[in-house]
Participant: 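After the structure tokens below, expect a handful of questions from me.
One is the number of the first residue; the rest follow in order along the sequence. All values reported here derive from a predicted model rather than from experimental measurement.
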Amino acid sequence: MPEEKPHILLVEDEMHLARGICFNLEQEGYRVSHVGSGEEAFERMQYERFALIILDIMLPGMDGFEVCEKVRAMTGRVPILILTARSDEGDRITGLEKGADDYLTKPFSLSEFLLRVRGMLRRSAWYRPEPVEEGYRFGDNEVYLLSYRAKTAQGEIDLTDLEVRMLSLFFQKEGEALSRKTILERVWGYSSDTETRTLDNFIVRLRKYFEPDPTHPVYFQTVRGIGYRFSRKGEDR
């Protein structure tokens, strides 16, 4: 039996751009469904399972932020790549906070776009995370990687697959300074030569979840000139 093609949902209202994206994704061997509005995307999500959602922010009616939020309320498992014409840092952070896993700002190069797609789909463990342990504890936090949950000082939260993969990597490599390149390769599945704040914004998200004071992190530490380090005990406390 031939291997099933990854099914991608493209949510884009610019028909010229959508046709080009669909063509190039299909040339790469993917199965692509295209819708032009957030309402259509959310309806398709009710009865179809997708390997990846490519989501424009500027949509008629329900915008991409709302779609992202609604999808994440349904499932944390499907990866979401945002395509946006907005260059404002605040909009990109908002998208990530709503549950997106990565973003590209229009106009973007085809090669980088396909690299991102391949990287997100290459993670065969995306739906089967390999946790270090159930109930990983640090400070006032408990993280349950198998069930995608965490208990924090602010209450219980649901985790996305990307958050689970990042936490799993940090837990496995506790105390090690991990380069940005290493984290991108192990968590996102690719290494980008372009400037991206996606990783930094995800670290901000983890600090909001788990740090007693996110502005002075003790668990998810910045290693200047290298990347980040996780310390279960905090910074020599």
Side-chain angles (χ1 to χ4, degrees), residues 4-123 126 160-162 184 188-190 192-202 205:
E4 184 178 354
K5 296 179 180 180
H7 191 185
I8 298 174
L9 177 63
L10 172 64
V11 190
E12 172 60 68
D13 65 323
E14 295 182 33
M15 290 305 300
H16 178 72
L17 178 60
R19 282 194 292 269
I21 291 176
C22 287
F23 174 80
N24 283 285
L25 288 174
E26 288 167 354
Q27 289 295 302
E28 292 291 309
Y30 306 127
R31 176 186 169 204
V32 186
S33 293
H34 168 244
V35 296
S37 71
E39 288 82 2
E40 291 177 278
F42 189 62
E43 182 179 347
R44 293 288 292 268
M45 286 290 297
Q46 306 295 314
Y47 60 87
E48 288 188 77
R49 180 174 179 176
F50 297 97
L52 171 67
I53 297 176
I54 301 173
L55 176 64
D56 186 30
I57 292 300
M58 301 290 287
L59 295 169
M62 185 190 300
D63 68 17
F65 292 141
E66 189 175 353
V67 175
C68 193
E69 197 167 33
K70 284 180 175 291
V71 170
R72 280 294 171 251
M74 293 171 57
T75 175
R77 306 297 178 86
V78 59
I80 299 175
L81 173 64
I82 283 181
L83 302 180
T84 177
R86 298 177 172 179
S87 59
D88 183 74
E89 180 73 11
D91 286 329
R92 297 197 295 271
I93 292 174
T94 298
L96 296 173
E97 288 178 339
K98 296 293 185 182
D101 300 293
D102 206 351
Y103 62 83
L104 277 177
T105 302
K106 301 175 184 176
F108 50 83
S109 73
L110 176 61
S111 60
E112 182 177 4
F113 169 71
L114 294 176
L115 175 69
R116 300 288 182 97
V117 170
R118 283 196 298 271
M120 296 175 88
L121 291 173
R122 191 165 57 232
R123 286 168 270 171
W126 184 279
T160 68
D161 272 286
L162 196 75
L184 285 170
W188 274 265
Y190 65 84
S192 176
D193 293 328
T194 62
E195 274 299 315
T196 174
R197 292 188 58 82
T198 302
L199 170 57
D200 302 317
N201 290 330
F202 265 88
R205 183 191 295 185

Participant: How long is the gap from CG on D102 to CG on N201, to the nearest 0.5 Å?
Facilitator: 10.5 Å
Participant: Hey, could you give me the OH/CG distance between Y30 and L121, rounded to the nearest 0.5 Å?
Facilitator: 5.0 Å
Participant: Enter the distance from K98:NZ to K70:NZ here, rounded to the nearest 0.5 Å.
Facilitator: 11.0 Å
Participant: Do other residues, nucleotides or ligands put more than 12 heavy atoms under 6.0 Å from F108 CZ?
Facilitator: yes
Participant: Which distance, rounded to the nearest 0.5 Å, do you find between the CD1 of I82 and the CD1 of I57?
Facilitator: 3.5 Å
Participant: Ignoring hydrogens and angles, tell me if any N or O in the side chain of E12 forms a donor-acceptor pair with the backbone of H34 under 3.5 Å.
Facilitator: no
Participant: Can you sort out the partners of R44 under side-chain contact (heavy atoms from CB on, under 4.5 Å), two or more places apart, ordered by chain and number?
Facilitator: S33, V35, Y47, E48, F50
Participant: Report the residues that fulfil salt bridge (Lys or Arg N to Asp or Glu O under 4.0 Å) with E14, sequence neighbours left out, ordered by chain and then residue number.
Facilitator: K106
Participant: Between D101 and R116, is there a side-chain N and carboxylate O pair less than 4.0 Å apart?
Facilitator: no
Participant: Within this structure, what is the CG-CG distance for the pair L17 and L83, rounded to the nearest 0.5 Å?
Facilitator: 7.0 Å
Participant: Under the rule for side-chain contact (heavy atoms from CB on, under 4.5 Å), what residues qualify as partners of D13, not counting sequence neighbours?
Facilitator: D56, L59, P60
Participant: I need the minimum non-hydrogen distance between V32 and C22, along with the two atoms involved.
Facilitator: CG1-SG, 3.8 Å
Participant: Could you report the tightest heavy-atom contact between G29 and P6, atom names first, then the distance?
Facilitator: O-CD, 4.5 Å
Participant: Ignoring hydrogens, what is the shortest heavy-atom contact between A100 and C68? Give both atom names and the distance.
Facilitator: N-SG, 3.4 Å
Participant: Roughly how far, to the nearest 0.5 Å, is the CD1 atom of I53 from the CD1 atom of I80?
Facilitator: 5.0 Å
Participant: Could you check E40, M45, E39, M62 and say which one makes a side-chain contact (heavy atoms from CB on, under 4.5 Å) with V67?
Facilitator: M62
Participant: Excluding sequence neighbours, so at least two apart, what forms side-chain contact (heavy atoms from CB on, under 4.5 Å) with S111?
Facilitator: S109
Participant: May I have the step-by-step check of side-chain contact (heavy atoms from CB on, under 4.5 Å) for R118 and L114, ending in yes or no?
Facilitator: CA-CA 6 Å; R118 283 196 298 271; L114 294 176; 3.6 Å; yes
Participant: Working note: N24 + F113, criterion side-chain contact (heavy atoms from CB on, under 4.5 Å); need CA distance, chi angles, decisive distance, verdict.
Facilitator: CA-CA 10 Å; N24 283 285; F113 169 71; 5.8 Å; no
Participant: Apply side-chain contact (heavy atoms from CB on, under 4.5 Å) to residues V78 and L9 and explain how you reach the verdict.
Facilitator: CA-CA 11 Å; V78 59; L9 177 63; over 6 Å; no
Participant: Who passes ring-ring contact (aromatic ring centres under 6.0 Å, His included) against F42, sequence neighbours left out?
Facilitator: none
Participant: Checking E26 now: which residues fulfil side-chain hydrogen bond (donor to acceptor under 3.5 Å, both in side chains) with it, not counting sequence neighbours?
Facilitator: none
